[in-house]
Every structure is written in structure tokens, then in C-alpha cells.
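Residues: numbered from 1 along the sequence shown.
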Amino acid sequence: MATKKPNTPKSRVASNKNSESKTKAAKEPIKPEASAKRDKDFKTVEEKKPVKKASVPADSTAQRGDTPISSDKNKKTTNSDSAKNQGKAKTSSENKAKLKDQPTTLDSKEFDETVASGAGKAKGKSKGNNSSKEIATKIAGSGKKANATKGKSKSSLKGSSKNKEESNYELSGVSDIRRSFHKNEEPLYFISATNFNLLGADEWIKGFKFITYIECFDGLHPNVFSPKKEIPHDDFEGIEDINNYLLQHPEVQDYLKTRSVKGRAGKAMFLMFNEETEKLAEKLGLEIMFPKAEMRTFLDNKVNTNRIAEKAGVACVPYVLSKVNDYEHMREVSGHLGNELVIQTPFGDSGHTTFFISNEEEYQKYAEEIEAEDEVKIMKRIRCRGSAIEACVTRHGTIVAPLMTELVGFKELTPYEGGWCGNEIYPDAFTPELRQKAIENTQLFGNQLREEGYKGYFELDFLIDQDNGEIYLGELNPRVTGASSITNHAVFALADAPLFVFHILEWMDIEYELNVDALNKRWALQDNIDGWSQLIIKHTEDTIEYVTESPKSGIWRMYDTGHIQFDRMDTHRRAVENENEAFFLRITRKGDYLYEGADMGILVTRGRMMTDDFRLNNRAKHWIKAIRSQFKSEMVEDKKKPKLTGTLTK
């Protein structure tokens with residue numbers, strides 16, 4: 001049985017071609033201003049004059065009308081939208097003073113009053129500059145705003161006493177929200193290859209279960225269900241295929257029926273899903289707690305991410321978007337970016353479709369993949385450090401978690417030069433200025449996502465230029481991610497509630513009020529951050545190997561000699577007591593196959609795994625070597641390589 005692995009970029013691109021207009025080869029590439037200083041006065045090379053934040057290049061996907069519609073069919077306008085519609089008057093001096101005193105975060109109303117007069121004005125200036133939101137509304141044909149949320153919320157972010165009297169909130173504040181989920185009666189699920197991304201969710205939410213293809217805990221996790229019998233299926237080419245297999249499995253269908261409440265199958269989150277997943281879920285009566293797959297695919301496209309960033313006023317690494325015909329053509333369209341380039345295709349994960357090119361020889365290695373795309377992103381190569389931040393778009397504003405470091409391209413962990421392979425979170429990891437800038441950019445991007453019709457969980461990668469100190473947007477992941485287990489178990493999340501709780505709340509048909517501004521301020525305090533690291537360990541050799549032994553999931557202990565030993569069973573990392581212990585989540589099991597890029601497992605421990613200059617420290621190297629030694633395998637000569645490429649963790 002081949003090891004289960006996620007989407008090949010080709011399959012994801014193929015599935016996306018039907019929902020997106022193809023970019024003609026002859027069209028001129030987009031050349032935004034190098035840094036988009038201070039998120040203002042964004043310029044394009046073609047126009048050579050300032051363009052407001054809300055505008056997009058003439059040939060952008062938004063202008064062509066390709067933005068998919070939002071998932072919510074019965075939406076009502078929130079106070080944030082009302083504030084925007086009514087906030088055409090000039091900001092009062094009182095509000096200006098308030099904004100000056102609180103530079104880190106803006107509540108929904110304050111953001112709308114401030115930005116609507118800048119970037120927002122461009123939306124209504126001319127018919128030709130329709131926003132993606134307006135186009136999505138036309139496609140829906142419902143006459144309802146694409147960014148409105150379900151329910152009858154009447155409050156602003158903070159909610160005056162008058163608003164509280166006029167509206168009947170079921171939940172008021174974090175305490176009520178936590179209590180509500182502890183008393184939850186709705187069947188809720190996370191369905192994926194493994195339960196890694198939402199580890200611990202079952203402890204926060206009554207009735208929350210994991211349905212997984214890979215049984216990481218050998219049947220010992222009380223809230224994980226994995227079908228025991230394998231049924232015939234085509235080769236998996238992505239996590240979407242795995243999830244579709246699960247929804248069609250008789251054991252899973254029976255499990256859902258036994259847990260239904262008053263005929264309701266419940267609601268489910270998926271790491272990845274597609275239109276087929278939506279059809280299967282609907283047939284089973286499951287509501288998917290994410291916007292439509294069409295919208296997620298649109299947002300997951302790295303080319304579209306930059307276009308949304310332009311509208312939000314968030315700076316990207318200097319880049320150009322273009323079809324590439326050959327090496328000479330690539331040099332022609334990207335001459336202003338220099339000789340050292342990075343090319344990304346629209347889809348791909350963990351660096352699998354990120355190519356570093358400085359000469360024709362390097363280009364030719366990836367020419368087939370690059371030239372097969374209708375459009376790619378060509379960026380100036382900068383000397384940078386990676387970082388990640390997770391957030392959640394809610395009806396009351398964008399909740400932003402702290403900025404994390406990223407581990408990228410370490411050969412001890414991944415075969416991919418630009419591949420994500422872990423994260424760290426710890427106090428004062430970044431300067432106050434960088435932290436504030438990242439928070440502000442994430443709020444800007446989150447509010448723009450809301451304009452596009454999106455709500456819920458998302459993650460942004462930021463690149464910090466080591467030469468000029470600028471922080472640039474790298475990419476968007478419109479979903480829970482591999483960094484989510486770090487975000488949702490840190491002290492700030494335990495003190496209030498994990499980010500996934502606020503995501504799920506948006507789909508629970510419950511009226512609630514929440515002071516997002518106050519929550520963001522608490523989460524930005526460095527005293528509310530403790531130190532954790534995680535390593536994503538992949539098979540780095542270009543071999544096919546049959547696994548005869550694999551380590552257990554649970555808590556492992558390292559001794560002074562560098563030897564490790566399984567200490568005790570546990571289901572997530574919070575049980576790790578000190579830096580001599582680590583939680584290991586096994587992914588590759590006995591009987592599976594290892595191949596280049598296969599996920600072997602995830603190691604999570606307290607403290608840091610990198611030095612201050614972003615290199616693996618000795619402790620990390622000892623843990624990696626020790627965990628690898630727990631796997632035993634035999635070389636296979638005649639086994640064909642599985643179709644799956646990439647990562648199961650995302």
C-alpha cells in the first residue's frame with residue numbers, strides 16, 4: 001500500500017483551470033512598485049502614476065470577473081458593513097486621536113472609517129473598477145453583499161450599552177463563547193489524512209471528533225475515528241482525494257449516522273477539499289465550515305494572492321506576473337528584478353513548486369513546469385527570513401495571532417530548497433516594529449478578504465528582508481495550516497480560546513458579540529507567549545523504501561547521551577514538561593512506503609530549535625537524528641513512485 005500523500009501541483013492546477021480564465025501569453029506582465037512603501041500610493045509600471053489601494057491592474061483576475069462567489073447564501077449586513085456605507089463623512093478629530101493612541105489594531109468600525117476614505121473610495125469611482133466583491137455579488141444574483149455574514153448581528157465591535165439593550169446576543173465575550181462550546185450538542189468534525197492540524201480541538205469543544213485516513217495513535221486516541229477496512233479506490237493524488245474516499249467509506253457513513261442529532265449529521269472542517277467533496281458532504285447532510293471550494297481555490301492561487309495584496313495595500317516582494325515562454329522571455333519580462341530570481345507557479349506546497357533561478361542552466365531544470373502555466377509569479381530574490389502569522393476573519397473584525405518564525409529548506413528535514421519544515425514561537429522573536437507591521441498588514445489583508453466574501457481561518461507568510469528591514473507578504477493559505485497546532489496551543493490561546501474556536505463560531509448560527517480590539521491587544525503582549533518549536537520531518541532521499549518499524553505517537557524523552565526513549569502515551573504537545581521531552585506524531589506507519597518528500601512525522605517540543613541566525617541548533621539535530629533512527633526500512637527496487645507529492649500537513 002502506497003503511503004498517502006497530498007496534491008501534486010499538476011492535479012491542483014488542472015482542477016483550477018475550469019474555474020479561472022486563462023491568461024493570454026501575449027498580455028503584458030504586472031510590475032508593481034518595488035516596496036509599496038507604507039502600504040500607500042501603490043504604483044504600476046504601465047500607468048506610472050499613483051493608484052489607490054482598492055484598484056487592481058487592468059488585466060487582473062478581479063477585473064476579468066473571475067472571483068468566485070462566497071459560500072454563504074443567506075447573509076445579512078453586519079455593523080461593519082453598515083459603518084462603511086454610512087461612514088462617508090470625514091473622520092472626527094476624536095476618532096483620529098483614538099487611532100493615534102492605538103496604532104497596533106483597529107476595530108471593524110474604525111478600520112472602515114479610516115480605510116474607506118482611502119483605498120475604499122477607489123471602488124466606487126468608476127464602473128470599470130469593480131471590486132471582486134461586487135463581481136461576486138453579480139454572479140450570485142442575489143442582491144446581497146458577498147461579505148455579509150449569517151445571523152442578525154447589530155453590534156459594532158465594542159458594542160455600546162444601547163446596542164446591547166436593542167439586540168439579543170446569545171453570547172457576550174470570550175467567557176460565554178468558551179462555555180457555549182463546552183456545552184455544544186452539534187456534531188462537529190475535522191476530516192483529513194491526519195488530525196495534526198487541529199490537535200486538541202476535542203478538549204475545547206464537546207462532541208468534536210476527528211475522522212482520519214491515517215491512524216496516528218494506534219487506536220488509543222479517544223476522539224479519532226479511522227475506518228479499519230480499506231476499500232477499493234484510485235491512487236490518491238491529493239488530500240482532497242483522501243477526504244473524498246473517507247466520505248464514501250461505509251464505516252465513515254455509519255459513524256456519522258450514529259452520531260447525528262435530530263436528523264442532523266453536523267458540520268465539518270477539512271484541511272483541503274474540492275467541489276466533489278462538497279457534493280459528497282451535502283449528500284451526507286454535512287455542512288462544510290469553510291467558504292466554497294471555488295473561492296478557496298481562487299485565493300490559494302499565488303498569483304491571485306498578490307492581486308488581493310495590491311487592493312489591501314500590503315507590500316509584496318518586488319515581482320512581475322506573466323506567462324513565460326522560454327528563458328529569454330523570462331529575462332525580458334523580469335529584467336528590472338535583477339539576475340537572482342524566484343519563480344512560483346500558482347499552486348504547490350512546502351516549496352515543491354518554488355524555483356530559484358540565476359542562470360539558464362537552472363531555468364532549464366524547471367522549464368517544463370514553468371512554461372506549462374498560463375501565468376507565474378517572478379520575484380526578486382532577497383536575503384530574507386521567513387515568518388508566519390495566523391488569523392481569523394469574523395463578523396466583528398480580524399483576529400490576529402502572534403508572528404512566528406519559520407524553518408525553511410533545511411536539508412536535514414526536507415528535500416526542497418524553499419520547503420517549509422517547521423515553526424517556532426517565543427517572546428521577542430521579532431522587534432516591536434516588525435510585530436506591529438505584521439499585525440497591521442494581516443488586519444488589512446483580513447479585511448480585504450472579508451470584502452472578497454471570505455470568512456474564517458487563514459495564514460500569511462511574511463518575508464523579512466535582512467538588507468533593508470522591510471517586511472513583505474509571501475503567500476496566503478486560506479485554511480488551517482501546519483502552523484495551526486503551534487498557534488492554538490500557545491499561552492495566549494489557552495488564556496482566551498484557540499483561533500479555531502472563533503472560526504467555528506462563524507458557522508454555528510449563534511448571535512455573539514466580541515471585542516476583537518481588546519483580544520488582539522492581549523494576544524500581542526509578549527508575556528502571553530511561551531516558547532515552542534515544531535519540526536516537520538520528511539524522507540529526504542530519492543529512494544523508495546518499505547517501512548518495517550516506526551515509532552509510536554506520544555511523549556519521547558532524550559537523555560544526555562543523545563539516546564531517546566518512548567516515555568508515555570499522550571495526544572498532543574501540551575503534555576511536554578521540559579526541553580528534554582518532545583511530542584512526536586507519527587505519520588508514516590509500518591507497512592507504508594517512504595519516498596522523496598514523504599512525511600515521516602512531526603516533532604514538537606518546548607524551547608527553540610534554531611539559533612539566533614536561523615540555523616538548526618544542536619538540540620534540533622540530535623532530535624532529528626534520534627527520531628529517524630526509530631524508523632527501519634528496506635530498499636525497494638521495483639516499486640513505482642507514488643503519484644502523491646508534497647505534504648500531508650500543509
Side-chain angles (χ1 to χ4, degrees), residues 1-8 192-196 210 212-221 224 226-231 233-239 241-242 245-246 349-350 352 410-416 419 421-422 482 534-556 558 563-567 569 571 582-604 621-650:
M1 177 183 70
T3 307
K4 309 85 201 168
K5 240 183 131 198
N7 339 23
T8 59
S192 194
T194 76
N195 67 327
F196 163 65
F210 302 99
T212 66
Y213 179 63
I214 300 173
E215 173 50 274
C216 299
F217 294 93
D218 301 316
L220 299 177
H221 194 302
V224 170
S226 294
K228 293 180 173 57
K229 183 179 179 181
E230 187 94 1
I231 62 174
H233 61 83
D234 295 332
D235 289 342
F236 296 142
E237 295 186 20
I239 297 176
D241 292 341
I242 293 173
Y245 166 85
L246 288 170
D349 51 77
S350 297
H352 191 69
F410 289 115
K411 62 182 180 180
E412 295 89 344
L413 295 168
T414 177
Y416 309 123
C421 50
Q534 69 175 10
L535 305 176
I536 313 302
I537 303 174
K538 296 179 182 293
H539 184 62
T540 57
E541 302 297 322
D542 188 13
T543 58
I544 306 292
E545 301 177 27
Y546 179 77
V547 178
T548 57
E549 291 183 29
S550 61
K552 297 178 181 178
S553 293
I555 307 298
W556 289 73
M558 177 173 281
H563 168 72
I564 64 170
Q565 181 175 321
F566 182 78
D567 191 74
M569 162 62 188
T571 59
F583 170 75
F584 181 70
L585 180 74
R586 181 201 64 220
I587 293 180
T588 296
R589 305 165 292 184
K590 177 181 178 180
D592 287 341
Y593 289 92
L594 291 173
Y595 49 88
E596 186 180 29
D599 290 301
M600 300 174 72
I602 297 103
L603 186 83
V604 187
K621 292 177 181 178
H622 287 319
W623 271 109
I624 295 167
K625 182 179 179 181
I627 285 292
R628 287 190 184 279
S629 71
Q630 299 297 313
F631 286 87
K632 306 297 181 186
S633 59
E634 299 172 352
M635 201 73 71
V636 178
E637 299 295 340
D638 57 350
K639 175 73 176 177
K640 71 174 183 178
K641 190 172 183 178
K643 291 183 179 180
L644 282 166
T645 61
T647 177
L648 293 174
T649 55
K650 288 290 180 180

Residues passing the side chain to side chain donor-acceptor pair (under 3.5 Å) test with T212, sequence neighbours excluded, are S226
Got a second to check how far I544's CD1 is from D542's CG, nearest 0.5 Å? 7.5 Å
Which atoms form the tightest heavy-atom contact between F584 and P551, and what is the distance? CE2-CG, 3.5 Å
Distance from K228 atom NZ to E215 atom CD, nearest 0.5 Å? 8.5 Å
Can you sort out the partners of Y245 under ring pair (Phe, Tyr, Trp, His ring centres under 6.0 Å), two or more places apart, ordered by chain and number? Y213, H233, F236, H249
In this structure, CD1 of I587 is separated from CG of D599 (nearest 0.5 Å) by 4.5 Å
Could you tell me whether a side-chain N or O of D592 sits under 3.5 Å from a main-chain N or O of T588, the two making a donor and an acceptor? no
Heavy-atom closest pair (E596 atom, Y416 atom, distance to 0.1 Å) is O-OH, 3.9 Å
Under the side chain to side chain contact (heavy atoms under 4.5 Å, CB included) test, residues paired with E541 that sit two or more places apart: H539, T543
Heavy-atom closest contact (C216 atom, S553 atom, distance): O-OG, 2.7 Å
Looking at side-chain heavy atoms only, is the closest gap between M569 and K552 below 4.5 Å? no
One should read off an interatomic distance between F217 CZ and L585 CG, to the nearest 0.5 angstrom, of 5.0 Å
Residues which pass side chain to side chain contact (heavy atoms under 4.5 Å, CB included) with K411, listed by chain and number, not counting sequence neighbours: none
What residues form a side chain to side chain donor-acceptor pair (under 3.5 Å) with H563, not counting sequence neighbours? none
So does I214 get a backbone contact from the side chain of T194, meaning a donor-acceptor N/O pair under 3.5 Å? no
Is I627 close to I564 at the side-chain level, that is, under 4.5 Å between some pair of heavy atoms? yes
With sequence neighbours excluded, tell me which residues meet side chain to side chain contact (heavy atoms under 4.5 Å, CB included) with S550. V547, R586, K590, F631
To the closest 0.5 Å, what do you measure between CD1 (I536) and CG (L413)? 8.5 Å
Side chains of K538 and C421: closer than 4.5 Å at any heavy-atom pair? no
Of all residues at least two apart in sequence or in a different chain, which pass the ring pair (Phe, Tyr, Trp, His ring centres under 6.0 Å) check with W623? none
For S633, the side chain to side chain donor-acceptor pair (under 3.5 Å) test, sequence neighbours excluded, returns E545
Measuring from L535:CG to T414:OG1, what's the distance to the nearest 0.5 Å? 12.0 Å
Holding to side chain to side chain donor-acceptor pair (under 3.5 Å), I want the full list of residues that pass it with T571, two or more places apart in sequence or in another chain. none
Which residues share a ring pair (Phe, Tyr, Trp, His ring centres under 6.0 Å) with F210, sequence neighbours left out: F208, H221
